[in-house]
There are 2 protein chains.
Amino acid sequence: MAAFTSRDVARLAGVSQSTVSYVMSGRRPISADTRKRVQAAIDQLTYQPNAGARALASQRTQVVGLVVPFGTAGDTTALLPFIETIAGCARAEDHDVLLVTDNEGTAALTRLAGRSLCDAIVLMNIAAADARLPVAAASRVPVILIGIPDDPQGLPCVDLDYPEAARLSVAEVVAAGHDRVVVLGWSAEEIARGANYVGRFERAAVEAAAAAGVEHLAVSPVEVSREGARAAVAEALRIGGPRPALLVPASSAVPWVVQALTERGVLPGRDVTVVGLCTDAVAMTTVPPVTNVSTEPRDVSARAMQILFRHLERGREGPAGGVELVAPRLTRRETTLAAP
Amino acid sequence: MAAFTSRDVARLAGVSQSTVSYVMSGRRPISADTRKRVQAAIDQLTYQPNAGARALASQRTQVVGLVVPFGTAGDTTALLPFIETIAGCARAEDHDVLLVTDNEGTAALTRLAGRSLCDAIVLMNIAAADARLPVAAASRVPVILIGIPDDPQGLPCVDLDYPEAARLSVAEVVAAGHDRVVVLGWSAEEIARGANYVGRFERAAVEAAAAAGVEHLAVSPVEVSREGARAAVAEALRIGGPRPALLVPASSAVPWVVQALTERGVLPGRDVTVVGLCTDAVAMTTVPPVTNVSTEPRDVSARAMQILFRHLERGREGPAGGVELVAPRLTRRETTLAAP
DNA sequence: GTGGCCCGTCGATACGCTTCGACGGCTGCT
DNA sequence: AGCAGCCGTCGAAGCGTATCGACGGGCCAC
């Protein structure tokens with residue numbers, strides 16, 4: 001119970017303490033016989049190395065810092081799959097996850113790096129001009145961004161390919177035979193926070209619509225609430241023409257919009273096409289299930305962790321930066337009108 | 001950049017390294033003059049103590065391990081407020097949170113404790129007969145449970161007062177003039193997992209109904225899905241009599257039940273009373289907003305952390321165990337029928 | 001004037017591990 | 001037979017902090 005040390009293991013196995021270390025790390029050849037004896041001693045004592053001592057000696061903590069946006073609005077329900085996936089990937093590489101809320105802003109970063117609490121940092125919820133970026137770029141530990149700022153400052157980024165998501169959405173609308181599309185925007189708060197994907201999506205939507213020869217209209221901002229959705233839907237139907245098509249890129253607004261339409265007796269899939277940008281899980285819970293472009297939080301996080309560990313293994317070398325886009329996927333469900 | 005040590009600070013301030021340590025910890029009196037010089041040096045170098053070294057020397061990590069249920073079903077949307085609150089409370093006491101998924105089961109516990117990764121552990125999603133409990137009880141670090149097992153084995157527990165929640169719900173139904181109440185149960189999966197609150201709620205509901213002289217009926221299990229809710233609602237309306245009252249203790253089923261009722265043209269608040277056991281946030285998103293007994297995840301977590309830190313401060317002494325119940329609160333919204 | 005005491009500081013040590021250099025013995029080559 | 005070289009192991013030196021005992025210098029009390 002009193003926590004055995006590698007010295008105890010060494011004594012029991014009749015070897016030196018350094019040999020125990022080499023058995024565990026495999027960094028030097030050890031004879032089969034010795035290895036067996038040491039392993040037996042380890043098992044017998046249920047020895048586990050002390051993380052602090054190991055970190056001190058090796059300069060590696062086997063911990064990944066994860067800075068998550070709690071206070072802010074940005075679709076907090078979509079957060080769990082990110083966290084879960086990141087934790088899973090970390091464990092797969094024998095790392096743990098230190099969870100930090102970003103209420104502290106920049107201080108969290110300096111603390112994580114300054115105290116050597118972790119070997120790497122995952123930063124979520126990146127704003128276009130994120131105040132944490134300069135700090136992150138100057139950080140002693142590698143940082144990876146989930147989300148894309150205006151200037152990544154050499155930091156690696158991973159995010160959904162929002163332009164592609166816009167293109168897929170528009171293509172779906174076009175395939176359904178619409179000649180105009182109404183994009184319901186994000187909430188004022190999310191726009192104010194300056195997430196980059198807002199602009200990335202919108203520009204691509206405009207371009208895709210122009211390329212396909214369909215008219216592009218916008219309703220923005222759209223507050224994420226019943227009332228916000230009602231207002232946005234009213235406006236969208238007003239300008240949407242006789243056979244409206246609605247694009248809802250704000251994940252958390254999707255259920256509200258579907259509900260607001262239904263309330264009005266305008267049934268998605270019968271009277272109006274709705275394409276949402278949200279997880280498949282969310283898409284399947286609306287009534288009726290909404291045609292969606294998936295935001296793939298699991299893919300995005302897994303990709304980020306993969307890049308992170310590749311970077312950790314390679315050490316300081318190798319090209320750090322780079323923007324990695326994860327391809328979205330459109331699933332037609334019950335809210336796409338049949339082409340006329 | 002190269003990470004300063006307390007020795008660097010000492011040199012710059014013209015004192016010994018131990019003095020720097022005492023300035024930071026305040027464990028010995030330091031003259032105002034010295035303190036000022038040391039503090040200036042700390043600021044100038046932006047010195048931060050190395051977490052590993054500190055942990056090694058002091059036997060304290062300033063980290064709280066949090067074992068969260070990811071794989072399991074148990075209402076994963078309700079998870080975030082827990083995590084967020086726990087992280088916030090930890091930071092308030094200058095601790096960080098190490099997030100561990102409980103896929104690893106018992107191994108996660110032994111790792112956290114065995115490697116001295118944290119000073120204390122928060123265990124969520126406790127089953128009635130939880131396999132992790134013996135390990136937790138024998139653990140070198142204090143453990144607190146969120147949820148109540150059949151036998152806490154001396155471990156402190158915090159949870160919502162489910163019996164009280166049942167009483168509040170029944171009282172609401174009684175106040176609305178119903179003479180029978182239908183309890184829609186949990187999902188088969190949740191029951192199988194053996195969460196204790198299922199039984200605690202149900203027993204109290206039966207007792208409260210008996211005490212109030214209203215008839216108690218049950219529909220169980222209720223799968224958390226559109227179809228599950230439809231089936232449960234059909235059954236509930238069949239047995240519920242002319243003026244039905246529905247209790248929905250499974251948080252995540254509440255929106256589905258409300259929706260299933262609405263689909264059938266049985267409007268909550270007009271044709272039927274619905275009382276849900278869920279967070280206020282969820283209650284406010286249904287249409288119409290559902291009368292609810294709040295599950296108060298923030299209160300529960302905050303209480304747990306408070307107990308944890310009190311325990312940490314007191315050291316090994318003090319009565320460890322004890323079951324702490326957090327009082328739920330009923331909020332009447334729009335799904336309570338007016339008394340006849 | 002002197003003894004005792006407390007305040008403030010220092011030096012040394014321990015925490016448990018990783019890692020480097022060293023070294024003995026054995027193999028294989030000449 | 002002798003030597004080079006490699007394999008497997010050991011000892012020791014840190015890693016950066018907390019903490020304990022020691023100690024010098026004031027201060028107060030007698």
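- The distance from atom OG1 of Thr5(A) to atom CD of Gln17(A), rounded to the nearest 0.5 Å, is 7.5 Å.
- Put simply, CZ on Phe4(A) is 17 Å from C1' on dC17(C), counting in whole angstrom units.
- The nearest whole Å value for the distance from the CD1 atom in Ile30(A) to the P atom in dT19(C) is 14 Å.
- Atoms CG and CD1, from Leu66(A) and Ile86(A) in turn, are 4.5 Å apart once rounded to the nearest 0.5 Å.
- We find that CZ of Arg27(B) is positioned 8 Å from P of dC20(D), with the value rounded to whole Å.
- A heavy atom closer than 4.0 Å to some atom of DNA chain D occurs in Ser21(B), Tyr22(B), these being the qualifying members of residues 19-26 of chain B.
- The distance from atom CZ of Arg60(B) to atom P of dC15(C) is 16 Å, rounded to the nearest whole Å.
- To the nearest 0.5 Å, the span separating CG on Asp119(B) from NE2 on His311(B) amounts to 12.5 Å.
- Regarding Leu56(B), its CG atom lies at a distance of 4 Å from the C1' atom of dC15(C), rounded to whole Å.
- Residues Lys36(A) and Asp33(A) are not paired through a salt bridge, judged by the lack of any N-O separation under 4.0 Å between the basic side chain and the carboxylate.
- In terms of heavy-atom proximity, Asp96(B) sits nearest to Leu117(A) at OD2-CD1, 3.7 Å.
- With the nearest nucleotide of DNA chain C identified for both Gln17(B) and Ser58(B), Gln17(B) has the one nearer the 5' end.
- Between dC10(C) and Ser16(B), a contact under 4.0 Å exists linking OP1 or OP2 to a side-chain N or O.
- For Ser18(B) against dG11(C), a side-chain N or O and a base N or O form a donor-acceptor pair under 3.5 Å.
- Residues from residues 32-41 of chain B with heavy atoms under 4.0 angstrom of DNA chain C, sorted by number: Thr34(B).
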Exercise. Should Leu312(A) and His95(A) be marked as a side-chain contact (heavy atoms from CB on, under 4.5 Å) after you check the CA-CA gap, both sets of side-chain angles, and the distance that decides it?
Worked result: CA-CA 12 Å; Leu312(A) 278 183; His95(A) 282 243; 4.2 Å; yes
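- Taking atom CZ of residue Arg54(B) and atom C1' of nucleotide dC15(D), one finds them 16 Å apart after rounding to whole Å.
- For a distance-only test at 3.5 Å, the side chain of Gln59(B) fails to qualify as a donor-acceptor partner of the base of dA14(C).
- Closest of all the heavy-atom pairs between Pro149(A) and Cys157(A) is CD-SG, 4.0 Å.
- The nearest pair of heavy atoms linking Ala113(B) to Ser139(B) is CB-OG, 3.5 Å.
- One can find a donor-acceptor pair under 3.5 Å joining the base of dG21(C) and the side-chain atoms of Arg28(A).
- Rounded to an integer number of Å, the gap from CG of Asn50(B) to C1' of dC15(C) is 13 Å.
- Between the CZ atom of Arg11(B) and the P atom of dG16(D) there is a distance of 11 Å, rounded to whole Å.
- For the atom pair Gln306(B) CD and Ile144(B) CD1, the distance stands at 9.5 Å (nearest 0.5 Å).
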